[in-house]
Participant: 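There's a structure below that I have some questions on.
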Amino acid sequence: IRDSNYSGVIGVKAGLHGDHINDGVGRYAKLDQHHLERLDEGGKSDGTFYVSVQTNPSPVPGKALKPAKITAAARVIVELDGERRHPKFEIETANRRVDASFRQTVEQGQTLVVHKLVGLHTLKPCSGAPDTLDDAHRTIADLASFSDDLEPSALKWAEIWEKAGIGVTGDRLGQQALNLATYHLFVMGSEHNDGGIGPRGLTGETYRGHEFWDDILYYPGISLQYPRITRSLLEHRYHGLGAAREAAQKHHFQGAMFPWQAGIDGDEQTQTTRFNPVSGKWDPDNSCRQRHVSLAIAYNVLDYLETTADVQFRGMGVEMVLDICRFFASMCERDPQTGRYSIDGVMGPNEFHEGKQKCGVRDNAYTNIMLAWTMEKVERLVTAMKAAAPLALEAAYRNMGVTEKEMTQAYDHWQKIRQQLSLHINAEGVIANHADWFDLKGPDDVKGREVELDGKVQDLFSIVYAPGRSDRRI
């Protein structure tokens with residue numbers, strides 16, 4: 001603050017507020033949005049203060065979820081014309097809130113600079129880490145000023161924009177959208193993060209920060225600019241391999257079945273029921289049947305290895321892809337009459353199709369094509385590793401709990417699968433979304449029909465076939 005025409009006392013208040021709610025998503029408005037419970041808050045007259053809260057886990061049948069502790073500590077530094085001042089702070093506390101205020105006399109022409117430094121630490125249950133309050137206080141004690149902390153961050157972001165930024169001429173909104181997308185990727189995508197990139201990243205509450213299959217859209221581009229980041233993200237997926245193997249076994253399959261909505265530990269977070277805010281009812285949610293998420297992970301591994309030739313990652317990469325192929329191979333069923341293989345009970349990227357009795361569809365085209373491609377690609381990778389990295393391949397087999405003989409037999413079986421995996425194509429060469437696609441009703445079949453939806457009688461055609469959506473089938 002620079003006083004150009006004023007002399008007197010200036011009052012400044014800084015605070016930490018842990019009483020906010022998640023209200024950025026309209027359809028969640030009726031749900032309980034208070035996710036943080038009070039633990040403690042306080043401060044001192046020297047300008048240090050803190051808030052400690054814990055998460056409020058939802059009751060989930062069969063899971064004893066425990067809260068995580070979150071602490072934010074702050075320190076305010078005051079400078080007048082470049083010299084440190086040490087005013088006495090007044091501390092005001094309330095439930096999950098703390099404010100620190102001070103008053104400083106200034107003369108006309110003087111510059112008052114206020115630095116607010118915050119350290120944020122979390123403690124997951126049973127992590128054995130030190131108390132979050134001590135960690136947060138140590139963080140702010142080690143920071144000299146906001147400027148000192150800002151400078152290395154600004155230099156890093158300048159490097160990111162230099163490599164990954166895209167300039168658009170004559171389209172201000174397009175430029176803004178590209179900048180947001182780039183920021184979205186790299187604020188979460190970091191070689192220092194043990195986590196993935198959620199569909200909304202840190203810019204929105206929708207999807208709750210979970211990881212889906214969207215990785216297949218981000219990673220190839222990141223690999224060209226910052227391969228270290230892609231490797232860190234893939235290593236995070238590798239850390240979830242144990243949970244993926246457990247999920248496959250739970251569903252009586254082999255290999256690894258990665259979750260549709262992955263949490264930080266790689267476990268399945270997809271709900272089995274979904275609240276419909278329009279009807280007020282809880283409907284079944286079968287989106288967890290989107291097994292193609294594992295194929296997106298396999299694609300990213302193979303693309304990364306091809307782009308970077310990272311020999312140090314080959315062992316982890318091939319282990320993931322092989323166990324993903326083992327999972328899908330155990331899902332395949334062979335028709336003795338046609339000799340063709342089918343995959344049943346899945347949901348493709350088109351989430352409007354849940355199958356008969358909502359048990360998934362058979363032979364989703366995207367899933368089957370991606371599997372055939374993955375099996376062919378990993379066969380080439382294994383051949384290369386047998387010659388160039390046999391020890392890494394042997395280690396992958398050990399981690400998978402299989403022998404070289406078993407895998408040799410598996411490769412022969414996979415070759416038959418990928419050559420005979422079912423696709424349903426009509427006489428015009430159109431590939432069906434799934435096996436029953438051509439039996440469903442199209443636009444001409446539903447004109448004039450009315451249905452009751454959310455308590456109201458509505459025209460079926462106007463609901464399903466909005467402009468530009470004549471490709472839909474019901």
Participant: Grab the two heavy atoms, one from Ile140 and one from Ala73, that are nearest each other, plus how far apart they are.
Facilitator: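 Shortest heavy-atom contact: CG2-O, 3.4 Å.
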
Participant: Checking side chain to side chain contact (heavy atoms under 4.5 Å, CB included) for the pair Leu241/Met320: CA distance, chi angles, key distance, verdict?
Facilitator: CA-CA 7 Å; Leu241 188 53; Met320 279 195 285; 4.2 Å; yes

Participant: Report the residue from Arg245, Arg237, Arg314 that forms a salt bridge (Lys or Arg N to Asp or Glu O under 4.0 Å) with Glu319.
Facilitator: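 Checked Arg245, Arg237, Arg314 against Glu319; only one passes salt bridge (Lys or Arg N to Asp or Glu O under 4.0 Å): Arg245.
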
Participant: Can I get a per-line list of side-chain donor-acceptor pairs under 3.5 Å for residues 336-347, giving both atom names and the distance, sequence neighbours left out?
Facilitator:
{"from": "Thr338", "atom 1": "OG1", "to": "Arg340", "atom 2": "N", "distance (Å)": "3.2"}
{"from": "Ser342", "atom 1": "OG", "to": "Asp363", "atom 2": "OD1", "distance (Å)": "3.4"}
{"from": "Ser342", "atom 1": "OG", "to": "Asp363", "atom 2": "OD2", "distance (Å)": "2.9"}

Participant: What pairs with Gln176 under side-chain contact (heavy atoms from CB on, under 4.5 Å), at least two apart in sequence or on another chain?
Facilitator: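 side-chain contact (heavy atoms from CB on, under 4.5 Å) list for Gln176, sorted by chain: Leu173.
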
Participant: Determine, step by step, whether Thr367 and Leu295 satisfy the side chain to side chain contact (heavy atoms under 4.5 Å, CB included) criterion, reporting the C-alpha distance in whole Å, the side-chain angles of both residues, the deciding distance to 0.1 Å, and the verdict.
Facilitator: CA-CA 8 Å; Thr367 303; Leu295 295 168; 4.0 Å; yes

Participant: Near Arg334 CZ, under 6.0 Å, is it more than 12 heavy atoms from other residues, nucleotides or ligands?
Facilitator: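 Correct, the count exceeds 12.
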
Participant: Could you walk me through whether Tyr219 and Asp303 pass side chain to side chain contact (heavy atoms under 4.5 Å, CB included), step by step?
Facilitator: CA-CA 9 Å; Tyr219 289 15; Asp303 177 80; 6.0 Å; no

Participant: Taking only residues two or more places apart in sequence or in another chain, which ones pass ring pair (Phe, Tyr, Trp, His ring centres under 6.0 Å) with Phe327?
Facilitator: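 By the ring pair (Phe, Tyr, Trp, His ring centres under 6.0 Å) rule, Phe327 matches Phe253.
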
Participant: Dump the intermediate steps for ring-ring contact (aromatic ring centres under 6.0 Å, His included) on His434 and His424, then the final yes or no.
Facilitator: CA-CA 7 Å; His434 55 82; His424 298 266; 9.0 Å; no

Participant: With sequence neighbours excluded, tell me which residues meet side-chain contact (heavy atoms from CB on, under 4.5 Å) with Met188.
Facilitator: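 Counting only residues at least two positions away or on another chain, Met188 forms a side-chain contact (heavy atoms from CB on, under 4.5 Å) with Ile197, Leu202.
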
Participant: For residues Val318 and Ala396, report the shortest heavy-atom separation together with the two atoms involved.
Facilitator: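 Heavy atoms only, the tightest pair is CG1-CB, 3.9 Å.
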
Participant: So which atom in Ala365 and which in Leu423 form the shortest heavy-atom distance, rounded to 0.1 Å?
Facilitator: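 Closest approach of Ala365 to Leu423: CA-CD2, 3.9 Å.
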
Participant: For Gln415, does the CD atom have more than 12 heavy-atom neighbours from other residues, nucleotides or ligands under 6.0 Å away?
Facilitator: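 Correct, the count exceeds 12.
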
Participant: Mind checking what makes side chain to side chain donor-acceptor pair (under 3.5 Å) contact with Asp149, not counting sequence neighbours?
Facilitator: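 Per chain and number, Asp149 pairs via side chain to side chain donor-acceptor pair (under 3.5 Å) with no residue.
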
Participant: Does Thr308 reach the main-chain N or O of Asp310 with its side chain, forming a donor-acceptor pair under 3.5 Å?
Facilitator: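 Checked: pair present.
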
Participant: State, to 0.1 Å, how close Gly42 and Val98 come at their nearest heavy-atom pair, and which atoms those are.
Facilitator: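 Shortest heavy-atom contact: O-CG2, 3.6 Å.
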
Participant: Distance-only criterion, 3.5 Å: show the donor-acceptor pairs between side-chain atoms of residues 378-388 and protein atoms not counting sequence neighbours.
Facilitator:
{"from": "Glu379", "atom 1": "OE1", "to": "Arg418", "atom 2": "NH2", "distance (Å)": "3.3"}
{"from": "Arg380", "atom 1": "NH2", "to": "Glu376", "atom 2": "OE2", "distance (Å)": "2.9"}
{"from": "Thr383", "atom 1": "OG1", "to": "Glu379", "atom 2": "O", "distance (Å)": "2.9"}

Participant: Going through the distances and angles, do Lys377 and Glu306 end up as a salt bridge (Lys or Arg N to Asp or Glu O under 4.0 Å)?
Facilitator: CA-CA 10 Å; Lys377 280 285 188 178; Glu306 187 172 307; 3.3 Å; yes

Participant: Apply side-chain contact (heavy atoms from CB on, under 4.5 Å) to Glu162 and list each qualifying residue two or more places apart in sequence or on a separate chain.
Facilitator: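 Listed in chain order: nothing, the list is empty.
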
Participant: Check step by step if salt bridge (Lys or Arg N to Asp or Glu O under 4.0 Å) holds for Glu246 and Lys250.
Facilitator: CA-CA 6 Å; Glu246 291 178 4; Lys250 180 181 178 180; over 6 Å; no

Participant: Ignoring hydrogens and geometry beyond distance, is a side-chain donor-acceptor pair present between Asn179 and Gln175 at under 3.5 Å?
Facilitator: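 Yes, because at least one side-chain N or O of Asn179 sits under 3.5 Å from a partner of the opposite role on Gln175.
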
Participant: What's the separation between atom SG in Cys325 and atom CG in Leu371, rounded to the nearest 0.5 Å?
Facilitator: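 Reported to 0.5 Å precision, the distance equals 6.0 Å.
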
Participant: Just grab all the ring-ring contact (aromatic ring centres under 6.0 Å, His included) pairs involving residues 223-247, residues at least two apart or on different chains.
Facilitator: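 ring-ring contact (aromatic ring centres under 6.0 Å, His included) check on residues 223-247 returns Phe186-Tyr226.
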
Participant: Name all residues meeting the ring pair (Phe, Tyr, Trp, His ring centres under 6.0 Å) criterion together with Tyr411; count only those two or more places apart in sequence or in a different chain, and write none if there are none.
Facilitator: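 With neighbours one apart ignored, the set is Trp414.
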
Participant: Within the supplied structure, the quantity of interest is the number of heavy atoms (other residues, nucleotides, ligands) at a distance under 6.0 Å from Gln225 CD; does it exceed 12?
Facilitator: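 It does: Gln225 CD has more than 12 such atoms within range.
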
Participant: Using only heavy-atom distances, determine whether the side chains of Tyr50 and Asp40 contain a donor-acceptor pair under 3.5 Å.
Facilitator: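 Yes, side-chain donor-acceptor contact under 3.5 Å.
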
Participant: For Ser294 and Ile324, which heavy atoms make the closest approach, and how far apart are they?
Facilitator: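 That closest heavy-atom pairing would be O-CD1, 3.2 Å.
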
Participant: Could I get the full list of side-chain contact (heavy atoms from CB on, under 4.5 Å) partners for Tyr366, not counting sequence neighbours?
Facilitator: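 If we apply the side-chain contact (heavy atoms from CB on, under 4.5 Å) test to Tyr366, skipping adjacent residues, the hits are Trp213, Ile216, His292, Pro349, Asn364, Met370.
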
Participant: Could you go through the side chain to side chain donor-acceptor pair (under 3.5 Å) check for Gln54 and Asn56 one step at a time?
Facilitator: CA-CA 7 Å; Gln54 68 179 17; Asn56 180 24; over 6 Å; no

Participant: So does Glu333 have more than 12 non-hydrogen atoms from other groups sitting under 6.0 Å from CD?
Facilitator: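 Result for CD/Glu333: open.
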
Participant: Quick one: do the Thr273 and Gln271 side chains pair a donor with an acceptor below 3.5 Å?
Facilitator: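 No - no donor-acceptor pair under 3.5 Å links their side chains.
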
Participant: Using residues 256-264 as the side-chain source, report each donor-acceptor pair under 3.5 Å to any protein atom, sequence neighbours left out, with the distance given to one decimal.
Facilitator:
{"from": "Gln261", "atom 1": "OE1", "to": "His210", "atom 2": "ND1", "distance (Å)": "2.7"}

Participant: Evaluate whether atom NZ of Lys156 has more than 12 neighbouring non-hydrogen atoms of other residues, nucleotides or ligands under 6.0 angstrom away.
Facilitator: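 Buried by this count: over 12 neighbours within 6.0 Å.
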
Participant: Tell me, please, which residues at least two apart from His20 pass side chain to side chain donor-acceptor pair (under 3.5 Å).
Facilitator: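 Residues passing side chain to side chain donor-acceptor pair (under 3.5 Å) with His20: none at all.
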
Participant: Which atom names give the shortest non-hydrogen contact between Ile77 and Ala144, and what distance separates them?
Facilitator: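 The pair with the smallest heavy-atom distance is CD1-O, 3.1 Å.
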
Participant: Any chance the side chains of Thr139 and His121 put a donor and an acceptor closer than 3.5 Å?
Facilitator: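 Yes, a side-chain donor-acceptor pair sits under 3.5 Å.
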
Participant: If you measure only the distance, is there a donor-acceptor pair under 3.5 Å linking the side chains of Glu351 and Gln290?
Facilitator: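 Gln290 and Glu351 do have a side-chain donor-acceptor pair below 3.5 Å.
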
